[in-house]
Amino acid sequence: MVIERFLGSLALAIAACVSLFLLTQQLNLTLPALSRSILFISIVAVGAVFNQTLHTFVVRLIARLKLKKLSALFEKVGMATLLFKEKPVLLLTFLTLSVIEQAFPMLAIYAMVKTLSIDLSFMWVVVSVPIILAIVRLPISIGGFGLQEGACAFVLGFAGASLSQAVALGITGRVLELLATLPGAFWTLEMPQSVR
């Protein structure tokens, strides 16, 4: 579970950095320092998973910075990866598939864009979705409520989408997500109490 979460977060960070790069290309801007920093940290984190020397260096760096919680988290990830140290191909395959997985929300958003008749190209969907997902998954809200709609309005505004269109897209995504989970909710309620 730790590996899945860790590599999933790295995959999203990589996708978001690529999207930020594409966004700056679309707007003729320079790549933000924040994006370069996130990409560098992601590469170092991936390397620390696969390389013991780099892992030791990162642990010592975190200890020197006196970031106890981050140090404990990194050690937890390090312990979890011990079982996979002999299987780097498996880890790289999982990370690659996690990056490719980012295509599914893009396709879903593009389908909603077409359904709501919003004038937004597929390229802009590719650029914006990973950034929106990265913002939504920040630990600054409860379930991303409100944050998702705000992120859609902010990012899609660069593409020329109106505030109402962007918010409608965010709300539609939220409603469809809730509807998709309803069968699971009914199934859970039908389960015997002893199983739950």
Side-chain angles (χ1 to χ4, degrees), residues 4-43 45-46 92-189:
E4 188 272 334
R5 294 285 180 176
F6 179 67
L7 292 181
S9 298
L10 286 177
L12 180 57
I14 291 168
C17 286
V18 172
S19 289
L20 273 174
F21 174 76
L22 293 173
L23 180 63
T24 56
Q25 294 300 302
Q26 291 275 28
L27 302 175
N28 294 320
L29 300 173
T30 56
L31 189 65
L34 176 62
S35 178
R36 292 196 300 268
S37 301
I38 293 172
L39 186 57
F40 175 74
I41 291 169
S42 299
I43 292 169
V46 171
L92 279 172
T93 302
F94 185 86
L95 178 61
T96 303
L97 290 174
S98 296
V99 172
I100 294 172
E101 183 190 5
Q102 307 304 317
F104 291 104
M106 293 176 193
L107 294 173
I109 293 291
Y110 189 63
M112 286 188 283
V113 163
K114 288 300 182 183
T115 302
L116 297 173
S117 300
I118 299 174
D119 185 19
L120 196 66
S121 69
F122 183 69
M123 181 61 186
W124 269 110
V125 172
V126 171
V127 168
S128 58
V129 169
I131 299 172
I132 293 169
L133 288 176
I135 294 171
V136 169
R137 291 179 186 173
L138 290 173
I140 56 175
S141 67
I142 299 173
F145 284 101
L147 193 59
Q148 178 170 307
E149 292 73 22
C152 284
F154 174 70
V155 178
L156 295 178
F158 291 113
S162 68
L163 179 62
S164 59
Q165 288 175 330
V167 172
L169 198 58
I171 292 173
T172 302
R174 178 80 63 190
V175 170
L176 290 175
E177 185 180 336
L178 290 173
L179 288 174
T181 58
L182 277 180
F186 290 126
W187 179 75
T188 304
L189 290 173

**Item:** Check against side-chain contact (heavy atoms from CB on, under 4.5 Å), V129 and Q102
**Value:** CA-CA 8 Å; V129 169; Q102 307 304 317; over 6 Å; no
Between atom [atom1] of [X] and atom [atom2] of [Y], what is the distance when rounded to the nearest 0.5 Å?
{"X": "L22", "Y": "W124", "atom1": "CG", "atom2": "CH2", "value": "10.0 Å"}
{"X": "K114", "Y": "F122", "atom1": "NZ", "atom2": "CZ", "value": "11.0 Å"}
{"X": "C152", "Y": "Q165", "atom1": "SG", "atom2": "CD", "value": "12.0 Å"}
{"X": "I132", "Y": "L169", "atom1": "CD1", "atom2": "CG", "value": "7.5 Å"}

Could you pull out the closest heavy-atom pair between [X] and [Y], with the gap in Å?
{"X": "S121", "Y": "Y110", "result": "C-CE1, 4.1 Å"}
{"X": "A166", "Y": "A153", "result": "CB-CA, 3.4 Å"}
{"X": "T172", "Y": "A168", "result": "OG1-O, 2.7 Å"}
{"X": "I131", "Y": "A16", "result": "CG1-O, 4.1 Å"}
{"X": "L156", "Y": "L120", "result": "CD2-CD2, 3.8 Å"}
{"X": "M106", "Y": "V125", "result": "O-CG1, 3.3 Å"}

**Item:** Heavy-atom check, side chain of Q148 versus side chain of I171, under 4.5 Å
**Value:** no
